[in-house]
Amino acid sequence: MEMQKNIADTLYRVKLKRNLSLTEFAKELGISRSSLQEYIAGRGDLRLSTIEFLAQGLEMDPIELISGEDYLPDSSSRPSSIQMLAEHLQQFRATSTEVNILVQELIRLAENCPIRRGLHR
């Protein structure tokens, strides 16, 4: 829930800063006015792809949008929560890519399986 609140607050602050109406801001982001209204209200379906799309439209890193703060790398040895979240997001992206590659390889192997070929003769 905190993530949705942060995103809602960030969207609202950007809208005010740019002095845009809800309709103008939605058009700028490439989404419907009703969807933007839901996001600003802290409701709506916020999947990773939606968050990335909104962040791209706002010209910010998804971590900035999720955290509600500016993402500035911490120079101390202890990583900030924002840095840790950024690392988890990178790991998630890498893992999902690896899973997709593995699935494609399994499909290829299944198509060439001698048992499967023997059943179809």
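Predicted, not measured: the structure shown is a model, and the values here were computed from it.
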Can you list, pair by pair, the side-chain donor-acceptor contacts under 3.5 Å of residues 22-29, counting residues two or more places apart and other chains?
residue	atom	partner	partner atom	Å
T23	OG1	R33	NE	3.2
E24	OE1	S21	N	2.8
E24	OE1	S21	OG	3.3
E28	OE2	R18	NH1	2.2

Closest heavy-atom pair, A8 versus Y39, reported as atoms and distance to 0.1 Å, is CB-O, 3.2 Å

All heavy atoms of R43 vs all of Q4, minimum pair found to be C-NE2, 3.9 Å

Is N100 atom CG crowded by more than 12 heavy atoms from other residues, nucleotides or ligands, each under 6.0 Å away?
yes

Go through the structure and list residues passing salt bridge (Lys or Arg N to Asp or Glu O under 4.0 Å) with E105, not counting sequence neighbours.
R108

Would you please test M60 and L54 for side-chain contact (heavy atoms from CB on, under 4.5 Å) and show each step?
CA-CA 9 Å; M60 63 174 50; L54 289 171; over 6 Å; no

Say you draw a straight line from CG of L11 to CG of L36; how long is it, rounded to the nearest 0.5 Å?
6.0 Å

With distance as the sole test, does S35 use its side chain to make a donor-acceptor pair with the main-chain N or O of I31 at under 3.5 Å?
no

Is there a donor-acceptor pair closer than 3.5 Å between any side-chain N or O of E64 and the backbone N or O of D61?
yes

Carboxylate-amine/guanidinium proximity below 4.0 Å for D9 and K5:
yes

L102, I107: one ILVMFWY side-chain cluster at the under-4.5 Å cut-off?
no

Please report the C-alpha distance between Q104 and I101 in whole Å, then the side-chain angles of each, then the deciding distance to 0.1 Å, and finally whether the side-chain contact (heavy atoms from CB on, under 4.5 Å) criterion is met.
CA-CA 5 Å; Q104 293 301 317; I101 291 169; 5.8 Å; no

Could you walk me through whether I66 and N6 satisfy the side-chain contact (heavy atoms from CB on, under 4.5 Å) test, starting with their C-alpha distance in whole Å, then the side-chain angles of each, then the deciding distance to 0.1 Å, before giving a yes or no?
CA-CA 6 Å; I66 291 169; N6 290 344; 5.7 Å; no

